[in-house]
Amino acid sequence: MLQNQDNMKILSNLTSKFPTFLLTGIPGLESVHIWMSIPFCCLYTIALSGNGMILFAIITKQSLHEPMYYFLSMLSATDLGLTVSTMSTTLGILWFDAREISLDSCIVQMFFLHGFTFLESGVLVAMAFDRYVAICDPLRYTTILTNSRIIQMGILMIIRTVVLIVPLLLLLKPLHFCKMNVLSHSYCYHPDVIKLACSDIWANSICGLIDLILTTGIDTPCIVLSYILIIQSVLSIASPEERHKVFSTCVSHIGAVAIFYIPMLSLSLVHRYGRSAPKVLHSMMANVYLLLPPVLNPIIYSVKTKQIRKAILSLLLTK
């Protein structure tokens, strides 16, 4: 009996239900964090200004009030959300070595971080569907993708995100965490957080797997199927010039899909199978995963989409 009481006392000293986590900046480069903040600030500035300009251009330019650009505005909005959701903790570490974060703050950050990730995945599917309809059934494009249907698609994406993310985060509250609560990244990432739990995480892992299946597991095949149908349709076009013109309208979206899914899958693989990998690799993969899409998407769409490029230039040159 006395031994059981001692064991419970030791366990209570080693675990906590209301822990404080320690975020990690760039391992091995702590002494130059202030200098490392310069490229991070540049990337955040590019992401915020680039997506902000695209969003503002689409809202203010009547010529861009078309389904393709509505979906692009959704992509820019989710990229802005992803950028803002991690910017405060990342720059806080690099500038002030502010590493501590409570469980509740962690849960709030994960709600927005994973929420905007789920939303972006849904937006990329909607954009693939937009390209499929525009290329394979152009005569019915305006009747299929009406404003009301686009709004419905946006609402469905938000509902899916909330329904999937809320149970995932609520399951964190009952967990006990070990006292050594050092996270691998400069932000709270769900697989990283549950690894630190001392209690059973079976339900958390199953819920995370279900969320993965109902987002990436469904969205990726839908995008692939859309492009299989698009390629079949384009190959039936006799003129090589027409084929090139049609394919060029898909290049921006293919780029957006690649820079979103490749870093996300790479980070998941590193977390699952790369436990012996250097900590700096975990850190760099985590930052690439969240910074690459918001930084590159505005550049890709500005370079490859003439209407967006002209709209942004007119905004910049307006006095």
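Values below: all heavy atoms of this structure, side chains included; hydrogens, waters and symmetry mates excluded.
- In the hydrophobic cluster analysis, where Ile, Leu, Val, Met, Phe, Trp and Tyr join through side-chain heavy atoms closer than 4.5 angstrom, Ile300 is grouped apart from Tyr261.
- Of all heavy-atom pairs between Met74 and Gly154, the closest is CE-CA, 4.4 Å.
- Looking at Phe21 and Ser102, their side chains never come closer than 4.5 Å, going by heavy atoms from C-beta outward.
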Criterion side-chain contact (heavy atoms from CB on, under 4.5 Å) on Thr216 and Met264, from CA distance to verdict: CA-CA 10 Å; Thr216 308; Met264 181 178 71; 3.4 Å; yes
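- Summarising the geometry of Ala256 relative to Leu75, their closest heavy-atom pair is CB-CD2, 4.4 Å, with the distance given to 0.1 Å.
- Remark: Ile101 CD1 to Asn181 CG distance equals 12.0 Å, nearest 0.5 Å.
- Ring geometry for Phe112 versus Phe116: interplanar angle under 30°, hence parallel rather than tilted (30 to 60°).
- By the criterion of side-chain heavy atoms lying less than 4.5 angstrom apart, applied directly or through intervening Ile, Leu, Val, Met, Phe, Trp or Tyr residues, Leu171 is not grouped with Val166; the two fall into different hydrophobic clusters.
- Within the 4.5 Å cutoff, no side-chain heavy atoms of Leu183 are placed close to those of Leu22.
- Residues Thr89 and Gln109 have side chains that bring a donor and an acceptor to within less than 3.5 angstrom of each other.
- Separating the CZ atom in Arg149 from the OG1 atom in Thr143 is a distance of 8.0 Å, to the nearest 0.5 Å.
- Contact check for Tyr189 versus Val193: no side-chain heavy atoms found under the 4.5 Å cut-off.
- Between Trp35 and Ser37, the closest side-chain pair of non-hydrogen atoms is not below 4.5 Å.
- Side-chain contact check for Leu168 versus Ile165: some heavy-atom pair is nearer than 4.5 Å.
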Verdict with supporting geometry, Met110 and Leu172, side-chain contact (heavy atoms from CB on, under 4.5 Å): CA-CA 11 Å; Met110 280 188 284; Leu172 289 172; 3.3 Å; yes
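- Side-chain atoms of Trp95 and Cys41, non-hydrogen and from C-beta on, do get closer than 4.5 Å to each other.
- Here the closest non-hydrogen pair linking Asn287 and Ser186 is OD1-OG, 3.7 Å.
- Looking only at atom types and distance, the side chain of Thr249 has no donor-acceptor partner in the side chain of Lys304 under 3.5 Å away.
- Distance check: Tyr69 OH to Ser76 OG gives 12.5 Å after rounding to the nearest 0.5 Å.
- Donor-acceptor pairing under 3.5 Å is lacking for the side chains of Thr305 and Gln307.
- Of all heavy-atom pairs between Pro293 and Glu120, the closest is CB-OE2, 3.8 Å.
- Here the straight-line distance linking atom CD of Gln152 with atom CD1 of Ile159 works out to 10.5 Å at 0.5 Å rounding.
- Remark: Leu214 CG to Leu209 CG distance equals 9.5 Å, nearest 0.5 Å.
- One N or O on the side chain of His114 and one on the backbone of His190 form a donor-acceptor pair closer than 3.5 Å.
- In this structure, CZ on Arg99 lies 7.5 Å from CD on Glu30, to the nearest 0.5 angstrom.
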Stepwise side-chain contact (heavy atoms from CB on, under 4.5 Å) check, Phe71 with Phe129: CA-CA 10 Å; Phe71 290 126; Phe129 178 68; 5.9 Å; no
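- Tyr132 and Asp137 form no side-chain donor-acceptor contact under 3.5 Å, judged by distance and modelled atom types alone.
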Worked verdict on Tyr187 versus Met87 for side-chain contact (heavy atoms from CB on, under 4.5 Å): CA-CA 9 Å; Tyr187 54 82; Met87 186 171 63; over 6 Å; no
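- Using a 4.0 Å cut-off between a side-chain N of Lys or Arg and a carboxylate O of Asp or Glu, Asp211 and Arg160 do not qualify as a salt bridge.
- Residues Ile93 and Phe40 fail the side-chain proximity criterion, which asks for heavy atoms closer than 4.5 Å.
- Between Tyr227 and His253, the distance separating the two ring centers is shorter than 6.0 angstrom.
- Taking the side chain as every heavy atom from C-beta outward, Ile308 and Ile58 approach each other to under 4.5 Å.
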